[in-house]
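Chain naming here is simple, since letters A, B, ... match the order of the sequence lines and numbering starts at 1 in each. As a basis for the values below, the full set of heavy atoms in this structure was taken, side chains included, without hydrogen atoms, waters or symmetry mates. The model shown is predicted, which means the values in this text are computed figures rather than measured ones.
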Amino acid sequence: MNNVNIPSSEQDLLERAQNLAGLSLGEIAKHAGIVVPPNLTRNKGWVGLLLEQVLGASAGSRPEPDFPHLGIELKSLPINEQAKPLETTFVSVAPLTGLVGINWHNSYVRKKLARVLWVPVISAKEIPIAERLVGMPFLWSPNEEEEALLAQDWQELTDMIVLGEVENIQGKHGQVMQLRPKAANSKVKTQAFDKNGKPFMTLPRGFYLKINFTQGLLHRYLRVN
DNA sequence: CGGTGATCATCG
DNA sequence: CGATGATCACCG
């Protein structure tokens, strides 16, 4: 069963998402006719895919926003009962080549994060998948401070890539956004350039939002209204 | 193969 | 016990 039911507007999408607040993943899955896996070990993207389907996002792996006509990206956000994110948030694969002419302003990361529908899910490990509750979804765009932090980290990480130092980048780099492996396993390789400009093969990387960043925006939206 | 959706699992 | 590096499933 596919999404015949595509949200017509940002407001429509937001309302639909907010109607999920308080529901359990089990209830939502049942309504959608989807079986809840016993755990996420072999279904790591399950929550995100469930929400995509229920909210009428376009499926597939195309590098586009989940709602192309609205320019909105959908992100599930696992949190604990104290509203603290439990995991970093994957943003996108990091380009390791073809970076000439790319800057923060025209970067893919900035585009992806321009408008995000965050759907918090209380996902403490001890809670069975089906019993995990959806929190209050909210639409977010970076404010000036957030965008400055993202731009700074993106620049630092991209500079290192351009200088051929991608293999010296560790998770600790970046204040709010980091670069980490993003692959099926550590044997997967993609092309990059070393510091002498020579091509070599390395592990694909992705940009991830650190927990302090998503925690901050969560608080910004949950606090004053 | 390289993108999407992410969480797992081990280490300090 | 949090953060980093590694990993899993699916799609076109």
Side-chain angles (χ1 to χ4, degrees), chain A residues 1-3 17 25 28-29 32 34-68 72-98 107-109 111-113 116-130 132 134 137 153 157 160 166-192 199 201-215:
Chain A
M1 128 180 225
N2 245 321
N3 11 274
L25 296 182
I28 294 169
I34 295 173
V35 177
V36 181
N39 59 66
L40 298 181
T41 307
R42 296 197 168 269
N43 289 276
K44 295 179 181 178
W46 185 80
V47 177
L49 296 175
L50 172 68
L51 294 173
E52 277 192 358
Q53 170 140 358
V54 166
L55 294 174
S58 24
S61 58
R62 295 159 302 143
E64 276 186 15
D66 297 300
F67 302 93
I72 295 175
E73 178 73 17
L74 176 66
K75 287 288 176 198
S76 65
L77 184 62
I79 60 173
N80 65 15
E81 291 86 346
Q82 288 75 239
K84 176 176 180 175
L86 294 170
E87 296 285 348
T88 55
T89 302
F90 173 69
V91 178
S92 70
V93 162
L96 302 182
T97 60
S107 71
Y108 190 51
V109 170
K111 185 174 183 182
K112 263 223 155 172
L113 296 180
V116 180
L117 175 63
W118 294 96
V119 182
V121 179
I122 303 175
S123 303
K125 283 291 234 177
E126 64 270 20
I127 307 175
I129 311 297
R132 297 184 180 181
V134 174
D153 288 349
L157 297 167
M160 289 187 73
V166 62
E167 298 204 317
N168 296 323
I169 300 176
Q170 300 171 275
K172 67 178 182 190
H173 286 98
Q175 301 177 65
V176 300
M177 188 167 66
Q178 61 187 173
L179 200 73
R180 304 220 309 278
K182 170 59 172 167
N185 59 65
S186 57
K187 296 181 183 72
V188 176
K189 301 292 180 194
T190 191
Q191 192 191 94
M201 300 304 280
T202 189
L203 191 54
R205 320 294 162 110
F207 288 106
Y208 294 78
L209 299 177
K210 292 188 172 185
I211 286 175
N212 62 346
F213 185 78
T214 48
Q215 179 162 26

Query raised in the report: Think A/Lys112 has a side-chain N or O under 4.0 angstrom from the OP1 or OP2 of B/dG3?
Result: no
Query raised in the report: Hey, can you pull the residues of residues 117-130 of chain A with a non-hydrogen atom under 4.0 angstrom from DNA chain C?
Result: none
Partner set under side-chain contact (heavy atoms from CB on, under 4.5 Å) for [X], not counting sequence neighbours:
{"X": "A/Pro120", "result": "A/Ile79, A/Phe138, A/Leu218"}
{"X": "A/Pro38", "result": "none"}
{"X": "A/Ile72", "result": "A/Glu10, A/Leu13, A/Phe67, A/Leu70, A/Arg115, A/Leu117, A/Leu139"}

Does [X] have any side chain to side chain donor-acceptor pair (under 3.5 Å) partners at least two apart in sequence or in another chain, and if so, which?
{"X": "A/Gln170", "value": "none"}
{"X": "A/Asn185", "value": "none"}
{"X": "A/Asn80", "value": "none"}

Query raised in the report: Considering heavy-atom distances to DNA chain B, does A/Arg132 or A/Glu73 have its closest nucleotide positioned more toward the 5' end?
Result: A/Glu73
Report task. Give A/Pro78 one of three labels, base, sugar-phosphate or nothing, depending on what nucleic acid heavy atoms sit under 4.0 Å from its own. Result -> sugar-phosphate
Query raised in the report: When we call it a touch if two heavy atoms are under 4.0 Å apart, what does A/Gly48 touch: a base, just sugar-phosphate, or nothing?
Result: sugar-phosphate
[X] [atom1] to [N] [atom2]: how many Å, rounded?
{"X": "A/Leu74", "N": "B/dG5", "atom1": "CG", "atom2": "P", "result": "8 Å"}
{"X": "A/Asn43", "N": "C/dC11", "atom1": "CG", "atom2": "P", "result": "12 Å"}
{"X": "A/Glu52", "N": "C/dC11", "atom1": "CD", "atom2": "P", "result": "12 Å"}
{"X": "A/Leu86", "N": "B/dT7", "atom1": "CG", "atom2": "P", "result": "9 Å"}
{"X": "A/Leu55", "N": "B/dG5", "atom1": "CG", "atom2": "C1'", "result": "14 Å"}
{"X": "A/Asp66", "N": "B/dT4", "atom1": "CG", "atom2": "P", "result": "10 Å"}
{"X": "A/Arg205", "N": "B/dT4", "atom1": "CZ", "atom2": "C1'", "result": "20 Å"}
{"X": "A/Phe90", "N": "B/dC8", "atom1": "CZ", "atom2": "P", "result": "17 Å"}

Requested in this report: Give the nucleotide from the list B/dC8, C/dA9, B/dG5 with an atom nearest to the side chain of A/Arg42.
Outcome: C/dA9
Report task. Please check if any side-chain donor atom of A/Ser58 sits under 3.5 Å from a side-chain acceptor atom of A/Glu64, or the reverse. Result -> no
Query raised in the report: Is any side-chain heavy atom of A/Arg132 less than 4.5 Å from a side-chain heavy atom of A/Ile122?
Result: no
Going by atom type alone, with no hydrogens or angles, which donor-acceptor pairs under 3.5 Å involve a side-chain atom of residues 84-98 of chain A and a protein atom two or more places apart or on another chain?
from, atom 1, to, atom 2, distance (Å)
A/Thr88, OG1, A/Arg180, NH1, 3.0
A/Thr88, OG1, A/Arg180, NH2, 3.4

Query - 5' priority, DNA chain C, between A/Leu49 and A/Lys187 [closest heavy atom] - result: A/Lys187
Atom pairs under 3.5 Å: protein N/O with N/O of nucleotides 2-6 of chain C:
from, atom 1, to, atom 2, distance (Å)
C/dT4, OP1, A/Gly171, O, 3.2
C/dT4, OP1, A/Lys172, N, 3.2
C/dT4, OP2, A/Gln178, NE2, 2.9
C/dG5, OP2, A/Gly171, N, 2.7
C/dG5, N7, A/Arg180, NE, 2.6
C/dG5, O6, A/Arg180, NH2, 2.9

